[in-house]
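Both counts, for ligands and for their atoms, begin at 1 and track the order of listing. Numbering of residues begins at 1 and proceeds along the displayed sequence.
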Amino acid sequence: MAHTRSSYGTGLLPRAGRPAGLRGALALTVSIGLLLAGGCASRGASESEQDTAGPTSSTPPSPTSAPPSAAEVGANELGEVPILMYHRITPNPQSVYDRTPQRFRAELQRLARENYAPVTTAEYATGEMDVPAGKHPVVLTFDDAAESQFRLNSSGEPAEGTAVAILREVAAAHEDFRAVASLYITTPPFGGEHSGRKLRWLHQHGFELGNHTLDHPTLSARSSSEATHQIAEMQRRITREVPNAEVSTIALPHGVHPQPEKLARSGESEGVSYRHDAVLLVGARPAPSPFSGNFDPLNVPRIRSQGGSGSGSELGSTVWLDKLAADPARRYTSDGDPSVISHPADSTRTPAPGQEKRINAY
Ligand SMILES: [Zn+2]
């Protein structure tokens with residue numbers, strides 16, 4: 001799928017022209033030397049460079065035809081990706097969907113500690129996940145455009161205690177943990193005041209602006225023309241404020257599709273057409289690899305951020321992250337090369353049609 005990736009980066013080249021392992025967020029600001037020191041050496045780097053590159057350099061390359069790092073890091077790019085779902089970040093949670101700033105920060109720190117690397121929903125859905133070898137992609141999604149997710153302070157920076165500010169703090173303290181997330185916008189965005197300025201700030205800093213519909217209705221309860229209006233009009237308002245934003249994913253309000261369901265993927269209303277690479281549901285399990293035969297762009301599951309006890313916790317993030325950590329065959333692990341899809345030869349998962357040429361079974 002051809003996309004201009006202007007929203008995610010800082011001058012990302014098309015995949016073919018981009019050094020493997022070079023991540024967009026760092027592309028302009030970090031020298032190759034720093035990247036190597038950080039352990040994201042591309043497979044194209046010389047042997048001597050790899051010898052100084054950190055974790056992947058301790059074992060000699062295997063003599064097989066498989067790219068050496070894939071086996072060494074246990075690459076499993078047909079494995080599952082957790083897409084975590086957040087709503088409000090508040091000191092006074094009022095529902096199971098709310099998380100305190102402390103618990104949110106602790107979850108991000110856990111993800112960083114367990115070698116997760118954040119990507120946006122759009123990057124996940126298109127398979128353009130430039131994740132260092134041995135790391136696991138994770139998608140952080142935020143619904144409802146709540147003020148507790150993002151505000152700007154008087155200096156024009158994310159206000160202390162907001163989700164975006166906390167994410168940036170954790171990212172700054174952890175190598176390879178990009179401060180990126182996908183925010184699903186509805187009315188009014190982030191409290192309404194200066195919403196255009198807020199949306200532009202997010203876009204300029206690599207955050208994805210996704211569609212959560214104009215008024216957050218249960219789409220199945222609306223006519224098809226009303227449902228397409230709800231989606232198209234939200235997209236129109238986002239792109240009116242941020243003309244170069246590409247709204248390419250949607251989170252369904254309440255996880256409910258319009259009728260017919262395909263209207264969630266593409267449609268047109270009053271001269272505005274939309275097309276989504278992923279349609280996000282609400283629950284309640286990790287998402288298939290975008291390269292696997294199980295990937296269904298119209299039904300992409302998410303996991304609610306939630307602690308390990310209490311009602312519904314068996315479907316929440318603490319329990320699911322425990323399960324994924326205990327089961328390497330289940331979890332997506334990157335080979336560090338966006339152009340190749342590596343997986344163990346004994347994987348029981350099948351690649352999606354059309355991906356065969358990129359497969360490296362080791
Ligand atoms: Zn919502």
Side-chain angles (χ1 to χ4, degrees), residues 82-90 92-101 103-104 107 120-122 124-125 138-151 162-164 167 181-193 195 198-199 202 207-222 226-238 241 245 247-259 261 263-265 267 269 274 276-285 287 297-306 311-312 315-317 320:
I83 302 179
L84 302 188
M85 178 180 69
Y86 299 95
H87 286 77
R88 299 191 312 160
I89 304 299
T90 167
N92 305 303
Q94 287 167 17
S95 86
V96 74
Y97 290 100
D98 294 343
R99 296 229 82 179
T100 66
R103 289 191 183 278
F104 175 62
E107 183 154 85
T120 64
T121 310
Y124 155 80
V138 61
V139 186
L140 309 172
T141 68
F142 295 84
D143 285 10
D144 299 350
E147 257 191 300
S148 62
Q149 294 165 4
F150 182 59
R151 298 186 301 279
T162 58
V164 169
L167 171 56
S182 300
L183 294 102
Y184 288 91
I185 311 300
T186 185
T187 312
F190 309 110
E193 207 180 336
S195 56
K198 293 173 186 168
L199 294 173
L202 289 166
F207 290 81
E208 177 183 6
L209 302 175
N211 198 326
H212 200 39
T213 74
L214 185 63
D215 301 317
H216 204 278
T218 300
L219 290 173
S220 63
R222 301 293 182 96
E226 285 173 334
T228 51
H229 171 74
Q230 281 287 324
I231 298 168
E233 179 60 15
M234 189 72 251
Q235 176 180 295
R236 191 185 70 78
R237 293 191 187 192
I238 293 171
E241 301 293 352
V247 182
S248 65
T249 69
I250 185 171
L252 295 171
H254 317 291
V256 177
H257 287 87
Q259 292 300 325
E261 292 190 356
L263 288 179
R265 275 211 82 189
S269 177
Y274 58 87
H276 300 131
D277 294 326
V279 178
L280 298 181
L281 307 175
V282 166
R285 58 190 168 84
L298 190 56
N299 292 281
V300 178
R302 292 189 287 175
I303 300 168
R304 180 169 68 204
S305 176
Q306 188 175 354
S311 173
L315 302 175
S317 56
W320 271 117

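- Surrounding CD of E193 are at most 12 heavy atoms belonging to other residues, nucleotides or ligands under 6.0 Å away.
- Not one N or O on the side chain of S248 forms a donor-acceptor pair closer than 3.5 Å with the backbone of H276.
- Shown are E107, R302, Q149; of these, the side-chain hydrogen bond (donor to acceptor under 3.5 Å, both in side chains) with Y86 is made only by E107.
- Taking distances strictly below 2.8 Å, the protein N/O/S atoms close to the Zn ion (ligand 1) are D144 OD1, H212 NE2, H216 NE2.
- T121 and T249 share no donor-acceptor pair across their side chains, judged by distance under 3.5 Å alone.
- Under a cut-off of 6.0 angstrom, the local environment of CZ in R236 is crowded, with over 12 non-hydrogen atoms contributed by other residues, nucleotides or ligands.
- Scored by the side-chain contact (heavy atoms from CB on, under 4.5 Å) test, L263 finds S224, T228, P258, P260, Y274 as partners (sequence neighbours excluded).
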